[in-house]
Amino acid sequence: MGQEEIQYEYYSVISLDDLIPGERVFIDVDDMAVVIFNIAGDVYAIEDRCTHDDGPLGEGEIEGFEIICPRHGARFDVRNGRALTLPASEPTRYFPVRIVDNQIEIGVPVE
Ligand code: FES
């Protein structure tokens, strides 16, 4: 009961045509480093930062919907930012994605 709905401000980032399935792109959104993935046609966005020790999470290998931090191997779910394995225990930020007129838009919570 009474949970406030999060409000997002959407930023148009790149054309969907520029992010083919299997690719990723790094982008700054509202002063945050964000990595955007196209996984089998669906687009996901998380912060490019591992919550264990600030590792460059976005450079990690993808397995299914999991990304593996290249620094110490923690896994995160790109769909929701959840930390799945140690040494990370805190989620990384994730951002809702919408496609408008073939443009990828990333939602950043309004503070
Ligand atoms: S910095 Fe990512 S697992 Fe340590």
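In each ligand, atom 1 is the first atom listed, and ligand 1 is the first ligand listed. As the structure is a computational prediction, the values presented were derived from the model and not from experiment.
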Checking R93 now: which residues fulfil side chain to side chain donor-acceptor pair (under 3.5 Å) with it, not counting sequence neighbours?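 R93 satisfies side chain to side chain donor-acceptor pair (under 3.5 Å) with no other residue.
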Applying side chain to side chain donor-acceptor pair (under 3.5 Å), can you list everything that pairs with R98, at least two apart in sequence or on another chain? E105
Distance-only, no hydrogens or angles: does the T51 side chain make a donor-acceptor pair with backbone N or O of T92 under 3.5 Å?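 Judged by distance alone, no pair lies under 3.5 Å.
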Using the side chain to side chain donor-acceptor pair (under 3.5 Å) rule, collect all pairs that involve residues 17-27, keeping only residues at least two apart or in two chains. D17-N102
So, for Y44 and F65, is the gap between ring centers shorter than 6.0 Å? yes
Protein-derived N, O or S atoms lying less than 2.8 Å from atom 2 (Fe) of ligand 1, waters not counted, sum to 2
If you measure from the Lys or Arg side-chain nitrogens to the Asp or Glu carboxylate oxygens, is any gap between R82 and D77 under 4.0 Å? no
